[in-house]
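Below is one structure; the comments refer to it alone.
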Amino acid sequence: AALCFLLSRNLIRSRVGRTLVAIRDNDTASEVSGIPVSRVKIIAFGVSAGLAGIGGSIFALNSGRVNPSSFTSRDSVGVKPSSIARRRSA
């Protein structure tokens, strides 16, 4: 988990991270400035899916077993407001 955190933090501080921030802020301006927005978004999706997979495997190792009843709709609803609150505070 610490390794994923360090890699993510370094990614954000790199040239690629600045590109992601530029796309987040204004994708039209990013496209005009020469950033391949579609390609970068696809790569970001792949990286985030990989990190989610690592997080899921760590969760499975921690809990011993995982089944669909481990995740309730209440858990899913709790994730979205926290992501919105984080975006507004940034």
Side-chain angles (χ1 to χ4, degrees):
L3 180 64
C4 288
F5 172 75
L6 290 174
L7 288 174
S8 298
R9 188 181 69 177
N10 287 339
L11 176 71
I12 291 169
R13 293 181 179 178
S14 70
R15 182 178 178 192
V16 175
R18 289 191 302 272
T19 301
L20 290 171
V21 169
I23 291 172
R24 181 196 68 196
D25 290 344
N26 191 342
D27 58 344
T28 305
S30 301
E31 186 78 43
V32 170
S33 66
I35 297 172
V37 174
S38 298
R39 193 162 116 208
V40 171
K41 284 184 177 183
I42 291 170
I43 292 169
F45 182 79
V47 169
S48 67
L51 289 173
I54 291 170
S57 61
I58 290 172
F59 176 78
L61 288 172
N62 237 359
S63 64
R65 68 180 189 147
V66 179
N67 57 15
S69 63
S70 300
F71 307 101
T72 63
S73 59
R74 186 176 181 178
D75 296 333
S76 299
V77 170
V79 172
K80 189 64 178 173
S82 64
S83 65
I84 292 171
R86 177 164 168 75
R87 176 139 174 124
R88 288 187 182 165
S89 66

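Sequential numbering from 1 along the given sequence is applied to the chain's residues.
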Closest heavy-atom pair and its distance - Arg18, Arg13: NH1-O, 3.6 Å
Value rounded to 0.5 Å, distance of CG in Leu20 from CG in Asp25: 11.0 Å
Interatomic distance, Ser48 atom OG to Ile43 atom CD1 [nearest 0.5 angstrom]: 12.0 Å
Salt bridge (charged side-chain N to carboxylate O under 4.0 Å, His left out): pairs with one or both residues in residues 26-50, sequence neighbours excluded: Asp27-Lys41
Ser30 side chain to Ile35 backbone, donor-acceptor under 3.5 Å: no
Hydrophobic cluster (4.5 angstrom, side-chain heavy atoms) - remaining members for Ile12: none
For Val21, the rest of its hydrophobic cluster, which grows through side-chain links under 4.5 angstrom: none
Euclidean distance, Ser14 OG relative to Leu11 CG, rounded to 0.5 Å: 5.0 Å
Leu3 CG to Ile54 CD1 distance, which is reported to the nearest 0.5 Å: 8.0 Å
